[in-house]
**Q** 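Just passing along the structure, written as structure tokens.
Below, chains carry the letters A, B, ... as their sequence lines are ordered, and counting in each starts from 1.
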There are 2 protein chains.
Amino acid sequence: MPVTRGRPRAFDRDEALRRATELFWERGYETASIADLTAAMGIRPPSLYAAFGDKRALFDEVVAGYKATASPVMEEALAAPTAREALDRLLHALADDYTDPSHPPGCLVISAAVNVADGDVRASLRADREASKAAIADRIAADAGRLDEGTDPKELATFYAAVVQGMSTQACDGASREELHAIATSAMRAWPARP
Amino acid sequence: MPVTRGRPRAFDRDEALRRATELFWERGYETASIADLTAAMGIRPPSLYAAFGDKRALFDEVVAGYKATASPVMEEALAAPTAREALDRLLHALADDYTDPSHPPGCLVISAAVNVADGDVRASLRADREASKAAIADRIAADAGRLDEGTDPKELATFYAAVVQGMSTQACDGASREELHAIATSAMRAWPARP
DNA sequence: GTCTTTCCGTAACGACCACTACAGAAAGAA
DNA sequence: TTCTTTCTGTAGTGGTCGTTACGGAAAGAC
């Protein structure tokens with residue numbers, strides 16, 4: 001049975017994880033040092049290592065938690081009756097999310113991935129992005145009947161994935177919520193509707 | 001008079017700068033260490049500091065050289081007779097450039113900028129990107145008569161800037177030249193042509 | 001040749017990196 | 001109370017960071 005034995009933890013693990021998420025989100029994987037992290041989390045290095053393993057494991061847990069909160073947004077948007085409406089919802093939902101003042105701007109998986117020297121972390125984040133792109137492609141392919149003939153769902157998914165990445169980068173550069181919605185609206189004009 | 005006195009430099013400064021450019025392009029500013037740079041440049045740290053100042057000055061020179069070779073591409077594209085053709089040319093030219101096998105993928109200014117802890121470097125690169133965006137907005141505004149009424153040139157420029165950033169990120173993720181051209185073609189469908 | 005100037009390689013500087021050995025503190029169990 | 005277990009803070013570990021002091025080497029000037 002999981003009775004608590006020994007000295008109890010003096011900090012809130014979830015709260016510490018939240019603060020680590022925020023720092024990784026702002027600074028990326030490598031430029032957020034253990035000293036920075038422990039300062040933000042309000043704990044000392046041994047507590048971090050005891051509770052989370054090492055820096056890489058902490059980052060993995062952060063990304064897992066991020067995906068857990070981000071994927072419902074994506075799933076809900078993609079559940080729209082048509083692929084066009086699904087993409088429209090997704091882009092505008094992300095415009096809101098990327099500029100939500102309650103957390104750092106942009107997408108953690110997109111912005112924390114660029115310029116990461118650690119090959120494992122790099123590959124892991126790339127796989128996450130590829131998975132999102134595949135989910136978009138699947139949603140488009142499932143509604144292929146409404147598309148202009150000759151439209152390749154994977155090609156179109158690549159375009160919208162690029163738009164999402166561009167929105168994230170713009171958000172990190174300080175773009176406003178209105179500007180991101182304008183990007184989303186412009187991107188939807190590129191939808192290849194069957195005439 | 002600039003007569004060469006003392007022991008002559010034993011390496012080609014331009015070639016060393018080229019190799020530094022390649023490394024910064026692949027790894028970004030902070031994750032490319034002096035040890036990495038000197039190894040790639042084939043010189044020892046004191047030679048680097050004597051020839052280029054410090055890491056930051058070397059990076060500035062790299063970015064300046066990069067912009068010097070990149071801006072003609074942009075200027076030529078934007079010189080097209082219509083704004084629409086200008087953007088079309090620009091996007092497809094960048095699709096070729098970002099996947100040119102003779103140098104690292106994507107755009108140095110875009111990819112080296114994300115997750116930079118150094119505030120000065122970050123601000124400097126952001127200013128470069130804003131300048132490109134402004135150039136696009138100016139070209140669009142100059143051809144406003146051909147646009148759909150109610151189109152905001154700055155808004156449209158933000159969209160195409162986001163597409164360019166997305167293309168760069170996709171290129172870094174290993175997207176092929178064909179995929180990038182497909183993104184460019186899709187993005188041009190969003191052009192707000194006057195009916 | 002000798003002097004001056006500039007570059008080169010060696011070998012280090014202090015500061016920071018991710019990470020941890022260790023001892024004391026705080027809890028339940030006996 | 002005493003023992004065991006687990007967490008805590010202090011104070012480090014070896015390694016790497018950007019940067020440089022220093023002495024020898026290679027050139028023109030005299």
**Q** What residue pairs, at least two apart or across chains, pass side chain to side chain donor-acceptor pair (under 3.5 Å) with a residue in residues 38-58 of chain B?
**A**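 Found B:R56-B:D60.
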
**Q** Are the side chain of A:S124 and the backbone of A:D120 linked by a donor-acceptor contact shorter than 3.5 Å?
**A** no

**Q** Only counting residues at least two apart or in another chain, list the ones meeting salt bridge (charged side-chain N to carboxylate O under 4.0 Å, His left out) with B:R84.
**A**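 Once residues adjacent in sequence are excluded, B:R84 has no partner under the salt bridge (charged side-chain N to carboxylate O under 4.0 Å, His left out) criterion.
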
**Q** Mind checking side chain to side chain donor-acceptor pair (under 3.5 Å) for A:H92 and listing every partner two or more places apart, or none if nothing turns up?
**A** A:H181

**Q** Are A:L94 and A:L180 side-chain neighbours, meaning at least one heavy-atom pair lies under 4.5 Å?
**A** no

**Q** Looking at B:R13 and B:E61, is there a salt bridge between them, counting it only when a charged N and a carboxylate O are closer than 4.0 Å?
**A**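 Result for this pair is yes, salt bridge flagged.
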
**Q** Would you list the pairs meeting salt bridge (charged side-chain N to carboxylate O under 4.0 Å, His left out) in which at least one residue belongs to residues 131-145 of chain B, sequence neighbours left out?
**A** B:D143-B:R146

**Q** So which protein N/O to nucleotides 2-6 of chain D N/O distances come out below 3.5 Å?
**A**
| residue | atom | partner | partner atom | Å |
| --- | --- | --- | --- | --- |
| D:dT6 | O2 | A:R7 | N | 3.2 |

**Q** Hey, could you give me each pair passing salt bridge (charged side-chain N to carboxylate O under 4.0 Å, His left out) that has a residue in residues 91-109 of chain A? Not counting sequence neighbours.
**A** A:D96-A:R177

**Q** Relative to the 5' end of DNA chain C, which residue comes earlier, B:A10 or B:P45, by the nucleotide with the nearest heavy atom?
**A**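 This one resolves to B:A10.
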
**Q** Would you indicate which nucleotide in C:dA18, D:dT10, D:dC17 comes nearest to any side-chain atom of B:S33?
**A**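 Between C:dA18, D:dT10, D:dC17, the one nearest the side chain of B:S33 would be D:dC17.
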
**Q** Looking at residues at least two apart in the chain, or sitting in another chain, which of them share a side chain to side chain donor-acceptor pair (under 3.5 Å) with A:K154?
**A**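 For A:K154, no residue satisfies side chain to side chain donor-acceptor pair (under 3.5 Å) once neighbours in sequence are set aside.
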
**Q** Under the criterion side chain to side chain donor-acceptor pair (under 3.5 Å), I'd like the reasoning laid out for A:Q165 against B:Q170: C-alpha separation, chi angles, the key distance, then a yes or no.
**A** CA-CA 8 Å; A:Q165 287 170 352; B:Q170 291 278 331; 3.2 Å; yes

**Q** Among all residues two or more places apart in sequence or in another chain, which pass the ring-ring contact (aromatic ring centres under 6.0 Å, His included) test with A:Y160?
**A**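 Per chain and number, A:Y160 pairs via ring-ring contact (aromatic ring centres under 6.0 Å, His included) with A:W191.
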
**Q** Give every residue pair that meets the side chain to side chain donor-acceptor pair (under 3.5 Å) criterion with at least one member in residues 67-80 of chain A, sequence neighbours excluded.
**A** A:K67-A:D128

**Q** Nearest-Å distance, CD1 (B:I34) to P (C:dG14)?
**A** 19 Å

**Q** Which whole-number value in Å describes the distance from A:E30 CD to D:dC17 P?
**A**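 So the CD-P distance, A:E30 to D:dC17, works out to 11 Å.
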
**Q** Hey, can you pull the residues of residues 48-62 of chain B with a non-hydrogen atom under 4.0 angstrom from DNA chain C?
**A**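 Heavy-atom cutoff 4.0 Å gives no residues at all.
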
**Q** Output yes when a side-chain donor or acceptor of A:T99 lies under 3.5 Å from a complementary backbone atom of A:A95, and no otherwise.
**A**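 Yes.
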
**Q** Answer yes if the side chains of B:D36 and B:S33 hold a donor-acceptor pair under 3.5 Å, and no otherwise.
**A**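 Yes - a donor-acceptor pair under 3.5 Å links their side chains.
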
**Q** Do any of residues 14-22 of chain B sit with a heavy atom less than 4.0 Å from DNA chain D, and if so which?
**A** none

**Q** Between C:dA12 atom P and B:R44 atom CZ, what is the distance in whole Å?
**A**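 Rounded to the whole Å, the gap is 17 Å.
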
**Q** Calculate the interatomic distance between B:D36 atom CG and C:dC17 atom C1'; express it in whole Å.
**A** 15 Å

**Q** Roughly how many Å is it from CE in B:M41 to P in C:dG9, rounded to a whole number?
**A**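 The answer, rounded to whole Å, is 13 Å.
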
**Q** The side chain of B:R9 lies closest to which of these nucleotides: C:dC8, C:dC17, D:dT8?
**A** C:dC8

**Q** Dot-bracket for DNA chain D, please, read 5' to 3', with Watson-Crick or G-U wobble pairs under 3.5 Å on both distances, ( ) within the strand, [ ] crossing, | other strand, . unpaired.
**A** ||||||||||||||||||||||||||||||

**Q** Look at the side-chain N and O atoms of B:S47 and state whether any lies under 4.0 Å from the OP1 or OP2 oxygen of C:dC8.
**A**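 So the side chain of B:S47 is within the cut-off, an N or O lying under 4.0 Å from OP1 or OP2 of C:dC8.
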
**Q** In whole angstrom, what separates B:L37's CG from D:dT16's C1'?
**A** 14 Å

